[in-house]
> 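Take a look at this one; I'll ask things after.
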There are 2 protein chains.
Amino acid sequence: MTETRVERKERTRRAILDAGLALCEDSSLIALSLRQVAKEVGIVPTAFYRHFESIESLGLALVDESFVSLRAMLRDIRQGAPSYADIVDRSVDILAQHVRQERAHFAFIGRERGAGPPQVRDAIHHEIDLCEHELATDLALLPGTESWSAEDLRVLSNLIVTAMVATAERLISAPQPAAEKPITETARTQLRMVLVGALNWRSRT
Amino acid sequence: MTETRVERKERTRRAILDAGLALCEDSSLIALSLRQVAKEVGIVPTAFYRHFESIESLGLALVDESFVSLRAMLRDIRQGAPSYADIVDRSVDILAQHVRQERAHFAFIGRERGAGPPQVRDAIHHEIDLCEHELATDLALLPGTESWSAEDLRVLSNLIVTAMVATAERLISAPQPAAEKPITETARTQLRMVLVGALNWRSRT
DNA sequence: AGTTTGGGTGTACGTGTGTACACCCAAACT
DNA sequence: AGTTTGGGTGTACACACGTACACCCAAACT
């Protein structure tokens with residue numbers, strides 16, 4: 001039971017992050033109080049300040065953490081063979097799987113993206129922009145997009161990300177895991193429609 | 001200065017609705033307090049109950065009101081000739097115009113759709129579902145979709161609505177009206193891409 | 001061994017919150 | 001003319017909030 005000081009601090013910090021994520025799950029960060037978090041963690045309110053200077057900075061830490069989960073998902077998706085064959089099915093499956101496993105993180109992103117303190121909102125939008133940009137460079141490697149302008153790639157990427165964010169949000173508010181299938185099925189069809197649109201883009205002059 | 005009783009009541013009710021909409025603009029309904037609203041309106045807190053039984057029911061009233069604005073937009077969009085020629089440009093223009101004019105209502109929908117009290121969230125999602133359904137029946141009238149299944153129509157409609165909601169949210173968080181052009185331009189391109197996808201859908205067997 | 005450091009504690013404050021209760025008074029009914 | 005109705009008032013309560021301050025004590029340095 002010898003526990004070094006930094007270990008103990010890290011443990012409490014983790015507890016605060018977890019409590020914050022759990023407590024704002026029904027409502028939002030802006031409705032989350034420092035005292036609620038402290039009570040949940042089992043520390044006195046003022047001890048909170050030893051780890052974060054405000055609820056908002058807790059929120060920013062949660063943004064970082066949530067996007068670690070999201071980027072892990074993107075990595076999984078990316079390491080498939082870049083073929084049109086099963087890319088849609090694979091991607092949607094991986095999305096659904098990650099949303100299931102890290103539900104709280106994805107829910108946090110979806111929720112605080114629209115509501116949430118301005119700083120947190122901005123941080124999330126910035127991260128999503130980065131994801132869009134990454135997707136755009138990936139799309140550029142796919143066969144058939146050689147002649148595309150950078151702008152069109154960005155616009156397509158934005159459309160795909162938007163649709164996938166919406167899919168994630170739908171999956172999160174799915175009451176039971178059983179209700180996931182129609183949602184993923186819709187997402188698959190939509191991705192295919194967009195892909196068909198992309199493949200026929202600019203071929204008409 | 002003769003004012004009937006129902007007139008006066010209606011006037012206060014309006015003031016409460018307006019104050020509620022304005023106050024939750026930065027934050028969210030869940031962070032809105034009855035006392036804030038009362039102070040803004042200029043009545044004593046308990047007088048609030050003469051009009052709404054809780055903040056949440058105020059929220060439901062605001063949902064109704066906001067969707068009146070949104071449906072007005074849909075009506076405007078619909079009454080264009082159903083041709084592919086300028087349907088995209090027209091629709092996006094009308095969207096941007098209505099978002100500008102009824103910014104608070106559209107912002108409310110976008111915000112409380114994700115955060116916001118569960119009842120309010122559900123009400124908004126239900127209304128959006130209705131819009132999707134309406135759009136699907138409209139799409140069925142367009143030339144080229146005769147052979148489509150009802151399910152595919154619904155899926156396409158969902159994709160379009162999702163993209164337009166995202167566009168509206170981007171327009172709302174645009175700092176200046178001048179920043180609108182790239183956003184609408186993106187929306188236009190995306191709609192065209194989706195349309196190209198739709199037109200080539202199922203023609204491949 | 002002696003001192004410093006720092007996470008956690010307990011008390012205390014002013015303020016904001018929802019809501020209960022008794023009350024007022026002019027418009028609206030009889 | 002007399003009574004009822006109902007929007008608005010004022011006081012009061014128990015609670016939750018953020019935060020300031022003095023304090024504790026074991027791990028970490030010297």
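Proteins come first, then strands; the chains are lettered A, B, ... in the order of their sequence lines, and each starts at number 1. Owing to the predicted nature of the structure, the values given are computational and were not obtained by experimental measurement.
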> Expressed in angstrom and rounded to an integer, what is the separation of Y49(A) atom OH from dC21(D) atom C1'?
13 Å

> Does dG2(D) have a Watson-Crick or wobble mate here (both distances under 3.5 Å), and if so which one?
dC29(C)

> Send over the distance from I43(B) CD1 to dT9(D) P, rounded to a whole Å.
7 Å

> For the salt bridge (Lys or Arg N to Asp or Glu O under 4.0 Å) test, which of E65(B), E102(B), E127(B) pairs with R71(B)?
E127(B)

> Rounding to a whole Å, what distance do you find between L34(B):CG and dA16(D):P?
18 Å

> Between dT19(C), dG10(D), dA28(D), spot the one nearest the side chain of R5(A), thanks.
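The nucleotide sitting nearest to the side chain is dA28(D).
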
> Nearest to the side chain of K9(B) - dG7(D), dG18(C), dG8(D)?
dG7(D)

> Rounded off to whole Å, could you give me the CG-to-P distance for the L32(B) and dT17(C) pair?
9 Å

> Which nucleotide, in any strand shown, forms a Watson-Crick or G-U wobble pair with dG8(D), with both distances under 3.5 Å?
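Answer to the pairing question: dC23(C), which forms a Watson-Crick or G-U pair with dG8(D).
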
> Check whether any side-chain nitrogen or oxygen of T12(A) sits under 4.0 Å from OP1 or OP2 of dG8(C), and answer yes or no.
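True: T12(A) side-chain N/O within range (under 4.0 Å) of dG8(C) OP1/OP2.
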
> In whole Å, what is the span from the CZ atom of R8(A) to the P atom of dT5(C)?
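Distance, rounded to whole Å: 21 Å.
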
> Just to be sure I understand the rule, does T46(B) reach a base, reach only the sugar-phosphate, or reach nothing, if contact means heavy atoms closer than 4.0 Å?
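Counting heavy atoms under 4.0 Å across all strands, the contact made by T46(B) includes a base.
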
> Considering residues, nucleotides and ligands other than H125(A), do more than 12 of their heavy atoms fall under 6.0 Å from its NE2?
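Above 12, so yes.
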
> Kindly say whether E112(A) contributes a backbone atom to a donor-acceptor pair with the side chain of R121(A) at under 3.5 angstrom?
no

> Output the rounded distance in Å from CZ (R50(A)) to P (dA26(D)).
17 Å

> Select one nucleotide: of dG10(D), dA28(C), dG18(C), the one nearest the side-chain heavy atoms of V44(B).
dG10(D)

> Kindly give the heavy-atom pair with the smallest separation between A198(A) and W148(A), and that separation in Å.
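Looking at all heavy atoms of both residues, the shortest contact is O-CZ2, 3.1 Å.
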
> Quick one: on DNA chain C, does H51(A) or R35(A) contact a more 5' nucleotide (nearest heavy atom)?
H51(A)

> Rounded to whole angstrom units, what separation is found between the CZ atom of F52(A) and the P atom of dG7(C)?
12 Å

> If you pin E53(A) and K39(A) to their nearest nucleotides in DNA chain D, which one's is more 5'?
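In this pair, the answer is K39(A).
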
> For dG16(C), give its Watson-Crick or G-U wobble partner with both distances under 3.5 Å, or none.
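Partner of dG16(C): dC15(D).
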
> Hey, mind stepping through F48(B) and L58(B) against side-chain contact (heavy atoms from CB on, under 4.5 Å) and telling me if it holds?
CA-CA 10 Å; F48(B) 175 89; L58(B) 205 205; 4.1 Å; yes

> Could you check which of dG8(D), dC17(D), dG8(C) has an atom nearest any side-chain atom of S33(A)?
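Among the listed nucleotides, the one closest to the side chain of S33(A) is dC17(D).
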
> In whole angstrom, give the distance that lies between atom CG of L23(A) and atom P of dC17(D).
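After rounding, the gap between these two atoms is 10 Å.
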
